[in-house]
S.K.: 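Sharing a structure below in structure tokens format, with a few things to ask.
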Amino acid sequence: MQTGPLALLLAATSATLTWAGPVDLSTCDLEPLTAKDGVNVFYTTSRAARGCRGRGPTDPGLDVHVLFLRYSAQQEIFNPQFNVSVSAAEPNRRSVFVVNANVLSFLSVNTEDPQVTFVAATANVMLQRPGVETPQANLTSSSSEELLTWAKAAYGGVSSFAELEDPLKIHFRLGQDPGSSVDCVPEKRFSTEPYLEVEAAFANIQGCPSSGQNTEKEAHVLWLQEDALGASHEVDLDIQLKCKEGEPENLLPILLVLKSHRGLTWHIGPVFSSFKFMVSSNYYLKNFGASRLPGEDLPDSKEGLIAAARSKEFAFVASYMEIPSATSITLELDRLCEKPPTPATEPPQETGLTLTEFMRVNITHWKPWRCLDSGVQIALAKDYLHGLLLNAIKVTDVSLQDRSCRAVDNGTHFVLKSQLRECGTSLERDVVVRNQLTFNLDLLPEVMVPFECHLPEKVFLQLYGAPDYESGPPTSVIEVNQAAYVLARFRTSDPLALLEIKDCSLEMPNEASSRLLISGDNALSANTKALDSFSSTVRRFSFAFKTGQESWGASPATIVCRVQLYSQLHGFRSDEVSLEVTLIQPNAPPDSLGVGTLLGITFGAFLIGVLLTAALWYIYMQTRPSAGKMEPVPANPPASESSTTNHSIGSTQSTPRSTSSMA
């Protein structure tokens, strides 16, 4: 008689109904497992560690979704995937995803919707979206709380927030109804149905050392701790015995202990004849069709579940895990394999394309580079390169145009960093960055792939001393009573971008209120003038600083402008930009004395001179002998005295002449 499916089913489940005799129940001390232990668990969930929904930003045509990716494994780099689908989105409705992570992550974005924009919050996140460059907010913190606070302030509110643990793939469905909370206050274990689903790697897998026990039998204990969501709640458990190459050599007995609430239904498979089960609720074995099997009572503690597994003669507990929530779970177990013969491979070929042309087309479409004010950052996933070359050609090294600027191989990526205008990098029109990647290939000539990217959008204020804005470099000095020329520039690669000035003010630390210089295109005083601009992304005006103070030489000040921006990437938005300047009075004396003070000192010196002269004249007039009292001069003095007497008389008469001359 042939053995039917029912007989196989009873054989596979008989171990769940019969308890074996006593075994060695020595202490099982759980320890974290590593990659060499060969156990990996992946699960899909619609429950975030923390999350919330809100009514969205102030712009009614915009949705803003904030995601924080938190990884617990001590891995250097992660490469999650992000898939965006539209279920019932309104026409022309824009969506912005603000993403950050606690470690360096390369997020591969899969969506062709031009209405969907991604913003990397910090340098921890590098977004790879073929054909699209991603802006960066350049936040300094990597915490989820500060990310949510920044997004609320930047956009006037958020539509959703989720903190995801160890995500590998993120699936987001747009077009869902907004939340009821205006502020979007995060809650623990927040349900993200029906708009967000995450495929994650479970990082906290533990196990007991064999301690000399029989390792030919192994038990895996999985406790799904989610509360009951109703009788219809189901979980799919996929069991995969993996080999690097070929098929498993042999299948040793494996016991699966599955603990959950009673209302949950498990769908388990594929299963093999060596599998045994202990399940706390109803379950199906996919190999045997729609036959539902009843569960059994299992302990409600970690120690009890481990003891139950070991009492079934499965003393070696190969893994123990507690998963908070899941709709599907994948258990991967590494096994010894029989290696098949390695098939011969050939280099990739495409009709009409050389290897160089093939790589240029694919790398340029991939766009693994990002340009920032701080320089160029490039991350080349080694798996992508190997897959691109069908694993037939090995990339041994990557460098920039300057061959001394070589990539760092971190095991999963080739990473390159370069300052602007270094490593052969050129900057054109202050926006376009150009360089080239040089791929060194094993046993083949190197391949050069030129690339270009654009610096992120940014607003600048610059000050010039001449109306042509070209006579010299920008300055930060404003001369009092002289015209200063201000230029506001919106750096962007968008040819349809616009820059409008709402208003500009001059702020000084010693003045309580700022001086409003210009509002829109309207000058607010005779000293201010709006000037013609040569571009839709440039605005110019001039002003002269007037002051009645004459005693200072230099003073700090700030020009502050509020602007309105438009670009196809971000739409309309407001911004504020400032420029620190110094006000100087070039004619002020070195000691900083005013003109009035100097005139007073000059007049005082003149008056003192006049009074001194008058006093000397008065003394002279009082001491001069009168003509009537003068003694007669001998007509013929003695010869012996004539010379001396004449000299004395001449000397006496010179004093009044001199005094008279001074008067």
Side-chain angles (χ1 to χ4, degrees), residues 371-374 419-421 425-434 452 454-508 514-547 553-567 569-570 572-587:
C371 291
L372 305 170
D373 289 324
S374 58
Q419 301 292 325
L420 297 179
R421 296 190 174 89
T425 305
S426 64
L427 180 61
E428 300 177 8
R429 304 191 308 276
D430 293 333
V431 177
V432 182
V433 179
R434 299 182 189 276
E452 70 174 44
H454 297 161
L455 292 177
E457 294 182 348
K458 190 174 182 180
V459 183
F460 296 90
L461 274 185
Q462 293 175 312
L463 183 69
Y464 294 84
D468 59 2
Y469 291 85
E470 296 179 354
S471 298
T475 181
S476 61
V477 175
I478 298 177
E479 296 186 8
V480 174
N481 301 323
Q482 299 292 325
Y485 299 89
V486 180
L487 181 143
R489 181 169 62 91
F490 181 21
R491 184 186 70 190
T492 177
S493 58
D494 184 0
L496 301 179
L498 297 174
L499 166 66
E500 297 293 340
I501 292 181
K502 293 182 179 179
D503 56 65
C504 290
S505 304
L506 183 67
E507 298 181 354
M508 300 180 63
S514 59
R515 301 190 183 193
L516 192 60
L517 302 174
I518 194 169
S519 178
D521 293 328
N522 301 318
L524 300 182
S525 70
N527 301 325
T528 306
K529 182 183 297 184
L531 304 176
D532 292 337
S533 301
F534 55 85
S535 170
S536 61
T537 58
V538 173
R539 289 293 178 266
R540 306 190 302 181
F541 69 92
S542 67
F543 73 96
F545 179 78
K546 303 289 185 179
T547 180
S555 177
T558 306
I559 300 175
V560 180
C561 292
R562 296 188 306 123
V563 298
Q564 179 79 24
L565 308 173
Y566 170 78
S567 69
L569 182 61
H570 294 106
F572 286 97
R573 68 185 192 277
S574 299
D575 201 353
E576 183 176 283
V577 61
S578 61
L579 177 65
E580 303 292 332
V581 298
T582 302
L583 302 173
I584 65 170
Q585 192 170 7
N587 295 326

S.K.: Are Arg434 and Glu428 close enough for a salt bridge, meaning some N to O gap below 4.0 Å?
M.R.: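 Salt bridge: yes.
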S.K.: Does some side-chain heavy atom of Phe545 sit less than 4.5 Å from a side-chain heavy atom of Met508?
M.R.: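 Yes - at least one pair of side-chain heavy atoms lies under 4.5 Å apart.
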S.K.: Rounded to the nearest 0.5 Å, what separates atom CZ in Arg539 from atom SG in Cys504?
M.R.: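 Going from the CZ atom of Arg539 to the SG atom of Cys504 covers 11.5 Å.
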S.K.: Counting C-beta onward and ignoring hydrogens, is there a side-chain heavy-atom pair between Ile559 and Leu461 closer than 4.5 Å?
M.R.: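 Yes, at least one pair of side-chain atoms sits under 4.5 Å.
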S.K.: Counting only N and O atoms by type, is there a donor-acceptor contact under 3.5 Å from the side chain of Ser574 to the main-chain atoms of Gln564?
M.R.: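 Judged by distance alone, no pair lies under 3.5 Å.
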S.K.: Can you tell me which residue pairs pass the salt bridge (Lys or Arg N to Asp or Glu O under 4.0 Å) test with a partner in residues 515-536, sequence neighbours excluded?
M.R.: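 Every pair satisfying salt bridge (Lys or Arg N to Asp or Glu O under 4.0 Å) with a residue in residues 515-536: Glu511-Arg515.
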S.K.: Distance from Leu427 atom CG to Glu452 atom CD, nearest 0.5 Å?
M.R.: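 Result: 11.5 Å between the selected atoms.
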S.K.: What I'd like to find out is whether the side chain of Val431 reaches to under 4.5 Å of the side chain of Thr492, using heavy atoms alone.
M.R.: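 No. Closest side-chain heavy atoms not under 4.5 Å.
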S.K.: Contact between Val538 and Leu487 at the side-chain level, heavy atoms closer than 4.5 Å - yes or no?
M.R.: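 Yes, close enough: below the 4.5 Å cut-off.
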S.K.: Do Val486 and Arg540 come within less than 4.5 Å of each other through their side chains, counting heavy atoms only?
M.R.: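 Sidechains of Arg540 and Val486: no contact.
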S.K.: Just do the side chain to side chain contact (heavy atoms under 4.5 Å, CB included) check on Arg573 and Ser567 with the steps written out, would you?
M.R.: CA-CA 9 Å; Arg573 68 185 192 277; Ser567 69; 3.8 Å; yes
S.K.: What residues, two or more places apart in sequence or in another chain, satisfy ring-ring contact (aromatic ring centres under 6.0 Å, His included) together with Phe572?
M.R.: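 Scan of Phe572 (ring-ring contact (aromatic ring centres under 6.0 Å, His included), adjacent residues dropped) gives Tyr566.
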S.K.: Could you grab the distance from atom OG of Ser542 to atom OH of Tyr469, nearest 0.5 Å is fine?
M.R.: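 Interatomic distance, Ser542 OG to Tyr469 OH, rounded to 0.5 Å: 6.5 Å.
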S.K.: Between Phe490 and Ala497, which heavy-atom pair has the shortest distance, and what is it?
M.R.: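 For Phe490 and Ala497, the tightest heavy-atom pair comes out as CE2-CB, 3.9 Å.
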S.K.: Look up atom OG1 in Thr528 and atom CG in Leu516, then write down how far apart they are to the nearest 0.5 Å.
M.R.: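 Nearest 0.5 Å value for the OG1-CG distance: 9.0 Å.
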S.K.: Would you call Lys502 and Glu576 a salt bridge, taking side-chain N to carboxylate O under 4.0 Å as the test?
M.R.: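 Not counted as a salt bridge, because no side-chain N and carboxylate O are separated by less than 4.0 Å.
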S.K.: What I'd like to find out is whether the side chain of Asn527 reaches to under 4.5 Å of the side chain of Phe543, using heavy atoms alone.
M.R.: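 They are not in contact (no side-chain heavy atoms under 4.5 Å apart), so the answer is no.
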S.K.: Heavy atoms, side chains only, cut-off 4.5 Å: are Ser519 and Leu524 in contact?
M.R.: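 Ser519 vs Leu524: side chains touch.
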S.K.: Taking Arg491 for the side chain and Pro456 for the main chain, is one N or O donor matched with an acceptor at less than 3.5 Å?
M.R.: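 Confirmed, Arg491 side chain pairs with Pro456 backbone.
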S.K.: Could you walk me through whether Val581 and Leu463 satisfy the side chain to side chain contact (heavy atoms under 4.5 Å, CB included) test, starting with their C-alpha distance in whole Å, then the side-chain angles of each, then the deciding distance to 0.1 Å, before giving a yes or no?
M.R.: CA-CA 9 Å; Val581 298; Leu463 183 69; 3.9 Å; yes
S.K.: I'd like to know if the side chain of Ser533 reaches the main chain of Ser535, judged simply by a donor and an acceptor atom lying under 3.5 Å from each other, with no hydrogens or angles considered.
M.R.: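 No; judged by distance alone, with no hydrogens or angles, the pair does not exist.
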S.K.: Okay, side chain of Ser505, backbone of Leu517: is any donor-acceptor separation there less than 3.5 Å?
M.R.: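 Answer holds: no.
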S.K.: List the atom of Ala488, the atom of Leu499, and the distance in Å for their closest heavy-atom pair.
M.R.: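 Closest heavy-atom pair between Ala488 and Leu499: O-CD2, 3.4 Å.
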S.K.: Show me the pairs that pass side chain to side chain donor-acceptor pair (under 3.5 Å) and involve residues 473-487, at least two apart or across chains.
M.R.: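 For residues 473-487, and leaving out neighbouring residues, there are no side chain to side chain donor-acceptor pair (under 3.5 Å) pairs at all.
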S.K.: A side-chain contact here means heavy atoms from C-beta on lying under 4.5 Å apart; do Arg489 and Asp430 qualify?
M.R.: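 A side-chain contact exists here, since the closest heavy-atom pair is under 4.5 Å.
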S.K.: Quick one: pull up CG in Asp503 and CD1 in Ile518 and give me the separation to the nearest 0.5 Å.
M.R.: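 If I round to the nearest 0.5 Å, the distance is 10.0 Å.
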S.K.: Evaluate Val560 against Val577 for side chain to side chain contact (heavy atoms under 4.5 Å, CB included), listing each step before the verdict.
M.R.: CA-CA 6 Å; Val560 180; Val577 61; over 6 Å; no
S.K.: Rounded to the nearest 0.5 Å, what's the gap from CD1 on Ile584 to CD1 on Ile478? Could you check?
M.R.: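 Spacing of CD1 (Ile584) from CD1 (Ile478) equals 10.0 Å.
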S.K.: Thr558 and Glu507: side-chain donor and acceptor closer than 3.5 Å?
M.R.: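 No - no donor-acceptor pair under 3.5 Å links their side chains.
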S.K.: With side chain to side chain contact (heavy atoms under 4.5 Å, CB included) as the test, would you mind laying out the steps for Leu565 and Thr537 before giving the verdict?
M.R.: CA-CA 9 Å; Leu565 308 173; Thr537 58; over 6 Å; no
